[in-house]
Amino acid sequence: MPVELAPGLIHHPGRLDAAARRRLAADVAAVLAAAPPVTPRMPRTGKPFSVRMSNCGPLGWVSDRDGYRYQPHHPETGAPWPAMPAAVLEAWEDLSGHTAPPEACLINLYAPGTRMGLHQDRDEADLSAPVLSLSLGAPALFRYGGLRRSDPTRSIRLMAGDALVMGGPSRLIHHGVDRILPAGDLLGAAEDPLPGILPAGGRCNLTLRRVTQPGAVSGVQA
DNA sequence: CAGTCTCA
DNA sequence: GGAG
């Protein structure tokens with residue numbers, strides 16, 4: 001059953017069963033074969049993220065010395081991002097409450113020890129759509145706060161199969177990943193969703209977003 | 001510009 | 001965990 005952590009911030013524990021998780025993982029593996037994970041870098045400083053990333057869908061989120069942006073092609077291969085898999089689109093239809101389809105699915109790969117500092121998802125022109133997060137693999141300690149970075153924060157454990165919707169008043173809240181937890185930390189067998197791609201004990205997170213304004217002309221990025 | 005980091 |  002869903003838990004409303006804050007207005008517009010909905011946690012769906014165990015939303016994806018084992019079969020759905022396997023199907024999603026297989027789809028993600030196929031995407032990563034065509035769009036290999038990239039190590040993003042901080043704008044200006046070039047400091048690498050610990051998380052590795054890829055994308056599927058018409059647009060993908062990338063970060064390098066030039067800044068954050070969405071672009072239609074892989075930054076290293078130059079190929080268009082792979083199409084959004086059916087399992088991803090179905091999750092959006094089930095959980096987003098949004099009629100227009102997602103335009104970007106960012107794939108975050110967390111090896112053990114990887115973290116993601118508190119940040120906002122604010123590179124999208126259309127903020128009326130929620131961000132939908134799906135978790136695979138190892139559990140993670142997820143932290144969320146408010147609209148201001150200095151707002152008080154709380155943390156929850158995000159597990160394989162969990163979905164999290166950040167929408168409405170929570171669309172721009174700060175959030176991050178404090179740490180990847182040992183797979184055996186809780187009951188439930190360790191799942192390695194992407195063997196050969198993600199180290200054992202790692203986590204894969206998918207975030208689905210709407211990027212462009214409803215009326216935007218193709219080729220023009222707000 | 002920033003989803004970085006380290007210090008405390 | 002909060003600040004810079």
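First the proteins, then the strands, lettered A, B, ... as listed; each starts at 1.
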With sequence neighbours excluded, tell me which residues meet ring pair (Phe, Tyr, Trp, His ring centres under 6.0 Å) with A:H119. A:H175
Listed pairs under 3.5 Å, donor-acceptor, residues 97-108 of chain A side chains, sequence neighbours left out:
residue : atom : partner : partner atom : Å
A:E103  : OE1  : A:V211  : N            : 2.6
A:E103  : OE1  : A:T212  : N            : 2.8
A:E103  : OE1  : A:T212  : OG1          : 3.3
A:E103  : OE2  : A:T212  : OG1          : 2.7

What I'd like to find out is whether the side chain of A:P85 reaches to under 4.5 Å of the side chain of A:V28, using heavy atoms alone. no
Residues that A:R21 engages under salt bridge (charged side-chain N to carboxylate O under 4.0 Å, His left out), provided they are two or more places apart: A:E191
Could you list the donor-acceptor pairs under 3.5 angstrom formed between side-chain atoms of residues 42-50 of chain A and any protein atom two or more places apart in sequence or on another chain?
residue : atom : partner : partner atom : Å
A:T45   : OG1  : A:K47   : N            : 3.2
A:S50   : OG   : A:R115  : N            : 3.3
A:S50   : OG   : A:R115  : O            : 3.1

Going through the checks in order, is the side chain to side chain donor-acceptor pair (under 3.5 Å) test met by A:T39 and A:R52? CA-CA 5 Å; A:T39 296; A:R52 295 192 304 147; 5.5 Å; no
So what does A:S155 touch, heavy atoms closer than 4.0 Å: a base, only the sugar-phosphate, or nothing? nothing
For DNA chain B, what dot-bracket results from Watson-Crick or G-U pairs at under 3.5 Å, with [ ] for crossers and | for inter-strand partners? ....|||.
Protein N or O to nucleotides 1-5 of chain B N or O, pairs below 3.5 Å:
residue : atom : partner : partner atom : Å
B:dG3   : O6   : A:W61   : NE1          : 2.3
B:dG3   : O6   : A:D123  : OD2          : 3.1
B:dG3   : N1   : A:D121  : OD1          : 3.1
B:dG3   : N2   : A:H119  : NE2          : 2.2
B:dG3   : N2   : A:D121  : OD1          : 2.5
B:dG3   : N3   : A:H119  : NE2          : 2.5
B:dT4   : OP1  : A:G117  : N            : 2.8
B:dT4   : OP2  : A:G117  : N            : 2.6

Within the side chain of A:N205, is there an N or O that forms a donor-acceptor pair under 3.5 Å with the backbone of A:S133? no
Below 6.0 angstrom between ring centroids: does that apply to A:W81 and A:H74? yes
